[in-house]
Q: 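The following block contains the structure, expressed as structure tokens.
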Amino acid sequence: MESKYIVRRPIKDPEKKIIGYEILYHGENTAYGSDESGQNANDFAVADTVYNFLTQNVEKSLKGSLNFMTFTTTLLMKKAPRLFEKESLVIQIDDSVIIHPLAMHLVQQYKKEGYRIAVNEFQFAPRYLSLIGEIDFIKLNFSTASDLTLHNVVEIAHSMSKQVIATDINDEEHYQKAIAMGVDALEGSYVAEQLATRAHTSGYLQSNFFRLMVAVTRELPDVEEIEQIISVDATLTYGLLRIANSVYFAMRNRVTTIRQAIMTLGIGQMKQWVYLLSASNAENKIDAGSEEFLKLSFMRASFCSELMNFAKGVPISKGDAYLMGMLSTLNYLIDAPLEEILAEVPLPEEITAALLRQEGPAGALYGLVIGYERADWDEINRRAEELGVPTNLLTSLYFNCMDVVDETWKQLTSPEPQQEKDETPEEMPAE
């Protein structure tokens with residue numbers, strides 16, 4: 001029996017700021033396609049899976065952001081939209097719902113209750129135009145529709161104060177075309193991987209760096225606390241490994257973990273390193289786009305690590321798998337090719353080959369994480385089978401990791417980091 005997956009994919013505005021996420025789901029050999037009757041043969045089976053999953057996870061994983069989710073007639077009848085708060089949901093519908101009289105009645109009812117409505121692949125047809133009053137978002141597939149159709153729909157939508165989201169933006173050509181046409185937001189694999197600007201130095205998350213300053217200057221520093229703080233920040237991890245393997249700390253055996261690096265430097269040198277970072281990056285605050293990729297690296301690291309509990313034949317440790325995910329976005333955070341960046345730190349060959357070419361069992365693990373991130377259903381099935389990972393666990397593992405990452409990030413980016421009463425960092429040395 002085919003496994004069922006649920007994935008969250010970002011939707012970004014032209015400034016590359018995330019405005020929400022589309023919840024994509026797949027099962028029984030389909031991603032909710034419809035046959036000519038308008039009712040997918042497996043609609044009821046997949047709807048049950050989606051509904052049951054959302055019932056158990058919506059509070060934990062799908063709050064705090066705007067979620068775009070396609071609802072079939074079955075899900076609408078199950079009152080699945082009411083699992084979400086009105087402020088956090090956009091109900092997406094497609095042709096199978098639009099041609100179904102009962103389904104359209106339900107959509108109109110949800111609209112009266114305050115939910116927002118989006119239409120997938122809007123068409124110039126009476127059944128679509130009759131809904132224009134209820135529609136808030138029009139989604140257009142830029143890989144299939146003609147340029148004339150796209151241009152006309154965008155013009156009409158804007159004249160009626162509707163927002164247009166370009167979908168299936170998977171390369172630079174379609175991305176630039178959508179931007180030129182003035183769409184309000186974009187979605188697709190290319191969009192998901194776009195960064196607002198590249199940081200020309202390894203910028204770190206400011207609030208997390210403050211916590212590191214506090215931790216290293218305690219009267220009795222806790223190595224485990226310092227390790228935990230660094231391990232959620234890709235650029236701090238990279239910087240620490242690089243300095244620990246520098247000529248100054250020339251070691252017979254190369255340092256390949258955060259704990260080893262901390263022990264190699266010692267607390268005194270850790271304080272000096274943190275001071276130098278604070279001085280050299282004082283005017284280089286990380287931008288919102290880079291922060292997004294720091295968070296993505298944390299998510300990949302967590303997912304890689306969790307999958308190691310089930311993957312078979314991967315010749316690296318859970319810690320190595322975590323590090324692999326953490327370092328995977330450095331080429332977006334540092335203005336250099338990933339191959340050059342990885343050459344600066346001694347990593348197991350399996351990790352380097354996985355990150356650069358997705359080779360070997362470690363590459364299969366990394367490929368599974370990237371495939372899930374992109375909602376590439378065929379890649380997910382192929383990689384999971386290759387690794388012996390039970391596919392029925394993937395969605396729960398993914399959302400559990402997402403929940404941990406979101407909660408941790410919320411704490412890291414809080415305006416006032418939690419500290420012990422009256423505790424402030426001791427003054428750093430000038431040299």
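One-based numbering along the sequence shown.
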Q: Heavy-atom distance under 4.5 Å between the side chains of L89 and F71, does that happen here?
A: yes
Q: Got more than 12 heavy atoms from elsewhere within 6.0 Å of CD, E224?
A: no
Q: With a 4.5 Å cut-off on side-chain heavy atoms, are K139 and Q92 touching?
A: yes
Q: Which heavy-atom pair separates L355 from S328 by the least distance, and what is that distance?
A: CD2-CB, 3.7 Å
Q: Do R300 and M326 come within less than 4.5 Å of each other through their side chains, counting heavy atoms only?
A: no
Q: For the NE2 atom on H151, are there more than 12 heavy atoms of other groups (residues, nucleotides or ligands in this structure) within a distance under 6.0 Å?
A: no
Q: Taking CD in E339 as the centre, count heavy atoms belonging to other residues, nucleotides or ligands within less than 6.0 Å. Is the count above 12?
A: no
Q: With side chain to side chain contact (heavy atoms under 4.5 Å, CB included) as the criterion, how do N141 and F122 come out once you've worked through the C-alpha distance, each side chain's angles and the decisive distance to 0.1 Å?
A: CA-CA 9 Å; N141 191 320; F122 184 88; over 6 Å; no
Q: Any side-chain to backbone donor/acceptor pair from D184 onto V164? Under 3.5 Å, distance only.
A: yes
Q: If we only count heavy atoms from C-beta on, is the L368 to R382 side-chain gap below 4.5 Å?
A: no
Q: Between Y5 and W377, how do the two ring planes meet: parallel, tilted or perpendicular, split at 30° and 60°?
A: parallel
Q: Is there side-chain contact between L76 and P81, with at least one heavy-atom pair below 4.5 Å?
A: yes
Q: Taking atom CD of Q108 as the centre, report whether more than 12 heavy atoms of other residues, nucleotides or ligands fall under 6.0 Å from it.
A: yes
Q: If every non-hydrogen atom of L66 is compared with every non-hydrogen atom of V90, which pair is closest and at what distance?
A: CD1-CG2, 3.9 Å
Q: Are the side chain of D403 and the backbone of F399 linked by a donor-acceptor contact shorter than 3.5 Å?
A: no
Q: So, does D136 use its side chain to make a donor-acceptor pair with the main chain of I117 at under 3.5 Å?
A: yes
Q: Shortest non-hydrogen contact from I316 to M308?
A: O-CE, 2.9 Å
Q: Hey, are S189 and R374 close enough side-chain-wise for a donor-acceptor pair under 3.5 Å?
A: no
Q: Taking it one step at a time, do E134 and K111 satisfy salt bridge (Lys or Arg N to Asp or Glu O under 4.0 Å)?
A: CA-CA 7 Å; E134 277 82 25; K111 177 65 176 179; over 6 Å; no
Q: From I135 CD1 over to S161 OG, what is the distance, rounded to the nearest 0.5 angstrom?
A: 13.5 Å
Q: Rounded to the nearest 0.5 Å, what's the gap from OG on S231 to CD1 on I226? Could you check?
A: 12.0 Å
Q: Could you check whether F68 and Y21 have their ring centres less than 6.0 Å apart?
A: no
Q: Are there over 12 heavy-atom neighbours, none belonging to K318, within less than 6.0 Å of that residue's NZ?
A: yes
Q: If only side-chain N and O atoms count, and only distance matters, is there a donor-acceptor pair under 3.5 Å linking T395 with Y372?
A: yes
Q: Can you check side chain to side chain contact (heavy atoms under 4.5 Å, CB included) on I165 and L140, steps first, answer last?
A: CA-CA 6 Å; I165 299 176; L140 294 175; over 6 Å; no
Q: Under the salt bridge (Lys or Arg N to Asp or Glu O under 4.0 Å) rule, what do E113 and R82 come out as? Steps first, then yes or no, please.
A: CA-CA 10 Å; E113 293 175 11; R82 295 201 176 106; 2.5 Å; yes
Q: Can you confirm whether Y238 sits close enough to I243 that some side-chain heavy atom of one is under 4.5 Å from a side-chain heavy atom of the other?
A: no
Q: Determine, step by step, whether L241 and L323 satisfy the side chain to side chain contact (heavy atoms under 4.5 Å, CB included) criterion, reporting the C-alpha distance in whole Å, the side-chain angles of both residues, the deciding distance to 0.1 Å, and the verdict.
A: CA-CA 11 Å; L241 289 175; L323 192 61; 4.1 Å; yes
Q: Please check if the side chain of S88 supplies one atom and the backbone of E85 the other of a donor-acceptor pair under 3.5 Å.
A: yes
Q: If only side-chain N and O atoms count, and only distance matters, is there a donor-acceptor pair under 3.5 Å linking R116 with Q163?
A: no
Q: Looking at R8 and E22, is any side-chain nitrogen of the basic one under 4.0 Å from a carboxylate oxygen of the acidic one?
A: no
Q: Minimum heavy-atom separation for L186 and A178, please, with both atom names.
A: CD2-CB, 3.6 Å
Q: Work out which heavy atom in K162 is nearest to a heavy atom in I138; give both atom names and the distance.
A: CB-CD1, 4.4 Å
Q: What's the spacing between D376 CG and R383 CZ if we round to 0.5 Å?
A: 10.0 Å
Q: Roughly how far apart are M69 CE and I93 CD1, rounded to 0.5 Å?
A: 14.5 Å
Q: Give, for atom CD1 of I23 and atom CG of N67, the distance between the pair rounded to the nearest 0.5 Å.
A: 4.5 Å
Q: Mind checking the OG-CG spacing from S143 to N170? Nearest 0.5 Å is all I need.
A: 7.0 Å
Q: Could you tell me if the side chain of F298 sits less than 4.5 Å from the side chain of L294, heavy atoms only?
A: no
Q: What heavy-atom pair brings V154 and V183 nearest, and what distance separates the two atoms?
A: CG2-CG1, 4.3 Å
Q: Could you check L150 against K177 for side chain to side chain contact (heavy atoms under 4.5 Å, CB included), going step by step and ending with a plain yes or no?
A: CA-CA 10 Å; L150 294 170; K177 181 167 70 173; 4.3 Å; yes
Q: Any donor-acceptor pair under 3.5 Å linking the side-chain atoms of T149 with those of S146?
A: yes
Q: Do side-chain atoms of T237 reach the backbone of I230 as a donor and acceptor pair under 3.5 angstrom?
A: yes
Q: Using the salt bridge (Lys or Arg N to Asp or Glu O under 4.0 Å) rule, take K17 and E15 through it: C-alpha gap first, then chi angles, then the decisive distance, then the call.
A: CA-CA 6 Å; K17 179 181 178 182; E15 300 299 319; over 6 Å; no
Q: What I'd like to find out is whether the side chain of R127 reaches to under 4.5 Å of the side chain of L131, using heavy atoms alone.
A: no
Q: Inspect the surroundings of CD in Q109 and state if more than 12 heavy atoms from other residues, nucleotides or ligands are less than 6.0 Å away.
A: yes
Q: Keeping the roles fixed (side chain from K12, backbone from V191), state whether a donor-acceptor pair exists under 3.5 Å.
A: yes
